[in-house]
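Worksheet: the structure to be examined is printed underneath.
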Amino acid sequence: MPRHTVSFDVLLHTEAARACMAALRQETRFLVPQWQHVFEQPTAAPDAGVSVLQGSCLALDHFGYAVEVAPPFAWPAGTDVAAPAAVARLAADQRSIRHITGRVASAPASFQLEQFDEDVPAYDGPVSPSGIPLLDVFTETAQGITEQVDVDANKSDTGLIDGLYEARFFKRTFTLTVTLRNRAEVLAFRRLLFALKGRLNPLRWTPPYDCEAEGTWRLAADAVELSYLRPNLAQCTFSITQLPE
């Protein structure tokens with residue numbers, strides 16, 4: 001089961017800052033909107049592969065102000081967009097508000113979701129003949145690709161003068177930043193991440209300078225962070241390590 005952590009900065013006016021500080025001081029559990037799954041009225045369901053039929057939605061008007069928390073698709077008057085809301089706990093003990101001016105403040109927040117019924121469809125993107133997902137479709141417009149080559153060694157000492165055995169091998173790791181330019185790309189990439197299950201499952205990818213050298217890779221870390229610039233625009237920086245063929 002993947003663990004979801006959501007982080008964002010909230011701009012607050014004076015009255016909202018006071019209420020926010022009081023809540024941060026006294027409460028540990030919050031109802032947190034999932035803006036990566038925002039959808040517009042009057043759609044019948046969100047397009048993000050998330051099931052919220054038994055949960056709550058945070059509805060906003062066209063000025064961005066919360067209208068109310070309502071059952072999904074029970075749209076209150078003045079609603080423009082909505083997002084599913086999940087119960088979450090603060091992921092860090094530190095709680096602060098930065099006062100930008102006398103009337104505007106900013107509150108950084110990081111929440112770990114407790115109850116979020118997300119139904120991620122199975123990965124249905126391009127795969128290799130052996131059924132391994134292909135990463136190239138997401139990296140055609142990748143930026144800042146860097147390569148790191150590490151040398152690892154396995155040593156075995158039998159205790160004899162000439163008994164030291166050392167096997168040295170190279171480990172290649174690439175770091176990439178991909179831009180997901182619309183909802184379809186965001187959702188397809190999330191399905192890929194869930195299919196990989198962190199470093200458990202492999203993928204196929206071709207390094208940028210050698211179009212003939214497609215290889216097998218895995219994520220270099222279990223956790224991958226998606227940064228949402230807008231609900232339909234996201235970026236992701238991640239690393240992959242090559243596996244022996």
Side-chain angles (χ1 to χ4, degrees), residues 1-7 34-37 45-51 84 86 112-113 116-154 167-245:
M1 178 66 67
R3 182 169 60 240
H4 293 259
T5 301
V6 180
S7 302
Q34 304 305 298
W35 296 124
Q36 69 272 29
H37 297 309
D47 65 349
V50 55
S51 174
Q112 184 173 315
L113 306 190
F116 190 47
D117 183 16
E118 182 173 7
D119 181 19
V120 179
Y123 176 74
D124 58 358
V127 297
S128 68
S130 59
I132 299 177
L134 297 176
L135 184 63
D136 298 74
V137 65
F138 297 105
T139 60
E140 294 175 350
T141 59
Q143 302 172 354
I145 300 177
T146 60
E147 179 183 6
Q148 179 176 338
V149 179
D150 296 322
V151 178
D152 286 348
N154 289 333
R168 301 179 68 83
F169 58 93
F170 293 99
K171 183 175 69 174
R172 302 171 67 202
T173 300
F174 277 85
T175 300
L176 312 90
T177 298
V178 298
T179 300
L180 309 168
R181 298 161 294 184
N182 51 57
R183 287 300 293 165
E185 290 185 2
V186 171
L187 301 181
F189 190 75
R190 292 185 85 253
R191 286 195 292 270
L192 173 64
L193 293 179
F194 276 76
L196 295 178
K197 294 182 174 65
R199 293 175 291 174
L200 178 63
N201 294 327
L203 49 83
R204 298 284 290 180
W205 183 65
T206 304
Y209 57 83
D210 191 348
C211 296
E212 303 296 329
E214 180 183 279
T216 303
W217 305 74
R218 63 166 173 79
L219 288 174
D222 287 329
V224 177
E225 179 176 319
L226 277 170
S227 297
Y228 290 89
L229 310 178
R230 294 194 298 272
N232 59 351
L233 179 64
Q235 283 188 328
C236 181
T237 300
F238 61 95
S239 298
I240 54 175
T241 298
Q242 190 170 26
L243 299 176
E245 294 293 337

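Under the 4.5 Å side-chain criterion, counting only non-hydrogen atoms from C-beta, L134 is in contact with E214. Proximity of T241 to F174: side-chain heavy atoms (C-beta onward) are nowhere separated by under 4.5 Å.
To the nearest 0.5 Å, atom CD of residue E147 and atom CD of residue Q242 are 9.0 Å apart. Separating the CD1 atom in I240 from the CG atom in L219 is a distance of 8.0 Å, to the nearest 0.5 Å. Separating the CD atom in Q148 from the OG1 atom in T173 is a distance of 6.0 Å, to the nearest 0.5 Å. Note that CZ of R218 is 10.5 Å distant from CG of L203, once rounded to the nearest 0.5 Å.
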Side chain to side chain contact (heavy atoms under 4.5 Å, CB included) between L226 and F189, worked out: CA-CA 10 Å; L226 277 170; F189 190 75; 4.0 Å; yes
Using the side chain to side chain contact (heavy atoms under 4.5 Å, CB included) rule, take V178 and Q235 through it: C-alpha gap first, then chi angles, then the decisive distance, then the call. CA-CA 6 Å; V178 298; Q235 283 188 328; over 6 Å; no
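Remark: T175 engages T146, T237, S239 in a side-chain contact (heavy atoms from CB on, under 4.5 Å) (not counting sequence neighbours). With sequence neighbours excluded, the residues satisfying side chain to side chain donor-acceptor pair (under 3.5 Å) with T216 are R204, E245. Here S130 pairs with S128 under the side chain to side chain donor-acceptor pair (under 3.5 Å) rule; sequence neighbours left out. By the side chain to side chain donor-acceptor pair (under 3.5 Å) test, E225 is found to be paired with no residue, residues two or more places apart in sequence or in another chain being considered. S227 is linked by a side chain to side chain donor-acceptor pair (under 3.5 Å) to nothing, counting only residues two or more places apart in sequence or in another chain.
Of the possible donor and acceptor atoms, none in the side chain of N182 sits under 3.5 Å from a partner among the backbone N and O of L233.
Shown here for R172 and P207, the closest heavy-atom pair between the two residues is NH2-CG, 4.1 Å. Considering all non-hydrogen atoms of both residues, I132 and P202 come closest at CG2-O, 3.4 Å. Of all heavy-atom pairs between V127 and Y123, the closest is CG1-CE2, 3.9 Å. The two atoms that bring E185 and T179 nearest to each other are OE1-O, 3.8 Å, heavy atoms only.
The only member of F138, W217, F238 that meets ring-ring contact (aromatic ring centres under 6.0 Å, His included) when paired with W205 is W217.
Residues T5 and Q112 bring no donor and acceptor atom of their side chains to less than 3.5 Å of each other.
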For residues 192-200, run the donor-acceptor check on the side chains, cut-off 3.5 Å, and write out each pair with its distance to 0.1 Å, sequence neighbours left out.
residue: R199; atom: NE; partner: D222; partner atom: OD1; Å: 3.1
residue: R199; atom: NH2; partner: D222; partner atom: OD2; Å: 3.2

